[in-house]
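Each remark here refers to the structure printed beneath this line.
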Protein chains: 2
Amino acid sequence: MTGTVLRDWRSVKKEVLRRIHAREWKPGDMIPNETDLADEFGCARTTVNRALRSVAESGLLDRRRKAGTRVAEHPVARATLDIPLIRNEIEARGRKYGYQLIKKSTSVPPPAVSGAMRTMANSELLYIQALHLADDKPYVIEDRWINTKAVPCALEEPFEIISSNEWLLRYARYTHGDIAFSASSASEIHAKILCCPAHSALFVVDRLTWDGSNPVTKVTLLFAPGHQLRTEL
Amino acid sequence: MTGTVLRDWRSVKKEVLRRIHAREWKPGDMIPNETDLADEFGCARTTVNRALRSVAESGLLDRRRKAGTRVAEHPVARATLDIPLIRNEIEARGRKYGYQLIKKSTSVPPPAVSGAMRTMANSELLYIQALHLADDKPYVIEDRWINTKAVPCALEEPFEIISSNEWLLRYARYTHGDIAFSASSASEIHAKILCCPAHSALFVVDRLTWDGSNPVTKVTLLFAPGHQLRTEL
DNA sequence: CAGTGGTCTAGACCACGAT
DNA sequence: TCGTGGTCTAGACCACTGA
């Protein structure tokens with residue numbers, strides 16, 4: 001018994017979370033079905049559905065038709081990361097944004113890149129290397145390959161003022177992508193650009209973007225030492 | 001005109017995404033209101049609402065009452081990461097899981113830890129250091145502080161068979177937490193444990209967990225070189 | 001087969017916030 | 001003020017899947 005009628009899905013969600021955390025419903029337990037809960041809470045089944053769906057999205061409940069709803073045995077922590085434009089990220093921290101183009105060329109990428117992008121091993125791509133700065137200090141190296149077949153007009157953009165990061169967001173279509181986070185040791189060259197000791201541990205983000213089945217771009221971001229990516233969960 | 005009636009929210013979502021990707025609705029553009037779209041698609045407003053809400057959750061739409069719905073100017077990429085139990089993570093890759101307790105003590109933590117956990121600077125916490133192995137090779141070091149006031153029964157658990165990672169998930173309450181990803185250079189000690197060269201770049205996950213306003217545990221995971229965290233977006 | 005969640009509908013009222 | 005999205009309702013049908 002809750003004692004009070006729960007009128008909106010947020011209240012229902014809150015009560016469900018309370019029961020899970022208080023172990024009234026233990027991991028592996030089956031919980032009452034939507035109709036019964038709606039009855040108990042004095043609201044429509046739709047409202048309970050909305051609440052349970054929301055809890056399930058966070059990974060704490062397993063729901064299956066016919067089988068019912070159970071409290072997850074091994075609640076995977078689910079973290080949602082927002083990956084903004086680099087400029088926005090820097091400005092959001094109240095720091096001054098700066099940008100420098102380091103290198104730009106049209107060339108045949110190393111096999112690892114053409115392999116990942118599934119482009120012909122001998123076809124040329126646009127290569128951009130640039131540095132983003134926060135308060136005039138090196139913040140991150142952007143190391144990017146662009147498939148000019150997917151974004152032909154990229155060839156006419158100098159990328160001296162606007163970063164490819166920002167330009168692509170504005171002009172390139174994409175449908176999906178994948179992203180990987182890792183750590184890597186700074187090469188002599190990267191260390192020089194980032195003004196840090198060689199072999200420093202760098203936080204690395206790799207991103208591959210597609211428009212349907214066409215590769216659009218592959219980027220590696222090498223962050224200056226000390227960078228953290230945070231989120232709540 | 002779509003030509004066909006869209007009967008479910010997934011179809012509506014798909015059509016909305018198509019229009020955004022095809023730039024029929026450009027970044028910054030206002031899109032028709034729910035009632036008009038429902039009319040156009042031949043479905044209930046609720047269905048359109050469900051679809052638009054779903055698209056907005058992925059960051060591609062900005063919705064505000066009265067102001068209406070606009071295509072986001074700077075669509076932040078939003079990645080959802082699942083962070084499973086280490087054992088599950090290893091076994092899901094078809095590798096053999098192994099576990100070794102390295103150190104266990106009750107002691108006063110360094111100020112950085114008591115500060116982050118907001119415990120009294122002189123109060124003792126339970127400290128656990130352990131190694132998780134995949135196919136008998138070092139996979140990740142788990143370096144953890146546990147607030148025994150929040151989880152008293154942790155004092156009676158030897159943690160020689162079950163990792164604290166797993167044990168806490170089963171026996172500790174928590175309501176929320178935060179997580180941070182970064183890179184760090186391997187110390188001599190960590191390098192020895194992970195069987196890698198000193199100063200290797202390690203991928204690091206820091207996690208702080210709360211039960212209401214009570215700190216539960218703080219853990220640092222130091223992954224063996226080469227580790228990647230991937231997701232789709 | 002039958003029970004459960006998934007979804008749609010039409011209508012209603014409300015909260016927010018741009019103007 | 002008042003248009004827009006946010007949500008609730010009651011009822012209905014459907015899809016999946018365990019038994």
Side-chain angles (χ1 to χ4, degrees), chain A residues 2-17 19-20 25-73 75 78, chain B residues 2-17 19-20 25-73 75-76 78 80:
Chain A
T2 62
T4 47
V5 174
L6 303 180
R7 306 219 142 280
D8 57 284
W9 72 269
R10 284 164 203 282
S11 315
V12 174
K13 174 175 180 176
K14 216 188 250 176
E15 172 62 13
V16 168
L17 288 176
R19 292 187 186 183
I20 294 174
W25 292 339
K26 301 193 188 66
D29 281 3
M30 182 103 124
I31 76 172
N33 70 32
E34 298 187 345
T35 313
D36 290 349
L37 285 175
D39 197 41
E40 179 190 340
F41 294 147
C43 63
R45 178 166 80 95
T46 319
T47 307
V48 173
N49 180 281
R50 180 83 155 83
L52 293 184
R53 200 179 353 117
S54 162
V55 177
E57 268 167 19
S58 73
L60 258 63
L61 290 176
D62 267 344
R63 319 191 73 203
R64 256 176 306 169
R65 287 159 150 136
K66 165 72 181 180
T69 300
R70 310 175 157 276
V71 180
E73 291 270 15
R78 198 158 289 169
Chain B
T2 62
T4 47
V5 174
L6 303 180
R7 306 217 142 279
D8 58 283
W9 71 270
R10 285 164 202 282
S11 315
V12 174
K13 175 176 179 176
K14 215 188 250 176
E15 171 63 13
V16 168
L17 288 176
R19 292 187 187 184
I20 295 174
W25 293 339
K26 300 192 188 67
D29 280 4
M30 182 102 123
I31 76 172
N33 69 34
E34 297 187 347
T35 313
D36 289 350
L37 284 175
D39 197 41
E40 179 190 341
F41 294 147
C43 64
R45 178 165 81 94
T46 319
T47 306
V48 173
N49 180 281
R50 181 83 157 84
L52 293 185
R53 194 170 9 105
S54 162
V55 176
E57 267 167 19
S58 72
L60 257 63
L61 289 177
D62 266 344
R63 320 190 73 202
R64 257 176 302 171
R65 286 159 149 136
K66 166 69 182 178
T69 301
R70 310 176 157 276
V71 179
E73 292 268 15
V76 287
R78 198 158 290 170
T80 306

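To find a chain, count down the sequence lines: A is the first, B the second, and so on, and within it residues start at 1.
Between A:Arg64 and D:dG18 there is a side-chain polar atom (N or O) within less than 4.0 angstrom of OP1 or OP2. Within the structure, every side-chain polar atom (N or O) of B:Asn49 is placed at least 4.0 Å from both OP1 and OP2 of D:dG5. Phosphate contact (OP1/OP2 of C:dA10, side-chain N/O of B:Thr46, threshold under 4.0 Å): absent. Between B:Thr47 and C:dT9, a side-chain N or O to OP1/OP2 separation shorter than 4.0 Å is present. The shortest distance between the side-chain N/O atoms of A:Arg10 and the OP1/OP2 oxygens of D:dT7 is below 4.0 Å. Under 4.0 angstrom from either OP1 or OP2 of D:dT7 there lies at least one side-chain N or O belonging to A:Arg50. Residue B:Arg63 has a polar side-chain atom (N or O) positioned under 4.0 Å from OP1 or OP2 of D:dG6. Residue A:Asn33 places at least one side-chain N or O closer than 4.0 Å to OP1 or OP2 of C:dT4.
The minimum heavy-atom distance linking B:Ala51 with B:Trp9 is given by the pair CB-O, 3.4 Å. Nearest heavy atoms, A:Pro32 versus A:Trp25: CD-CZ2, 3.8 Å. The two residues B:Lys26 and B:Val71 make their nearest non-hydrogen contact at O-CB, 3.4 Å.
Base-pairing analysis of DNA chain C finds the following stems of at least three consecutive Watson-Crick or G-U pairs, with both pairing distances under 3.5 Å: C:1-18 with D:1-18.
Taking atom CG of residue A:Asp62 and atom P of nucleotide C:dG5, one finds them 13 Å apart after rounding to whole Å. Straight-line distance from the CH2 atom of B:Trp9 to the C1' atom of D:dA15: 15 Å, rounded to whole Å. Across the protein-nucleic acid pair, B:Glu57 atom CD and D:dG6 atom C1' stand 13 Å apart, rounded to whole Å. For A:Leu61 and C:dT4, the CG to C1' distance is 15 Å, given to the nearest whole Å.
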If you apply the rule side chain to side chain donor-acceptor pair (under 3.5 Å), what do you find for B:Thr69 with B:Arg63, and how did you get there? CA-CA 4 Å; B:Thr69 301; B:Arg63 320 190 73 202; 3.3 Å; yes

Could you walk me through whether B:Leu61 and B:Leu52 pass the side chain to side chain contact (heavy atoms under 4.5 Å, CB included) check? CA-CA 8 Å; B:Leu61 289 177; B:Leu52 293 185; 3.9 Å; yes

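For the pair A:Arg45 and B:Arg45, nearest-nucleotide mapping onto DNA chain D gives the more 5' position to B:Arg45. The nearest heavy atom of DNA chain C to A:Lys66 and to A:Arg53 marks one nucleotide each, and the one closer to the 5' end goes with A:Lys66.
With C:dT9, C:dG6, C:dC8 as the choices, the nucleotide that has an atom nearest any side-chain atom of A:Glu34 turns out to be C:dG6. Of the candidate nucleotides D:dC16, D:dC8, C:dT9, D:dC16 has the atom lying nearest to any side-chain atom of A:Arg65.
Under the 4.0 Å criterion applied to side-chain N and carboxylate O atoms, B:Glu40 and B:Arg19 are assigned as salt-bridge partners.
Residue contacts shown for A:Thr35 are absent, as no nucleic acid heavy atom lies under 4.0 Å away.
A:Asn49 and A:Thr46 are not linked by any side-chain donor-acceptor pair at a separation below 3.5 angstrom, with hydrogens and angles left out of the test.
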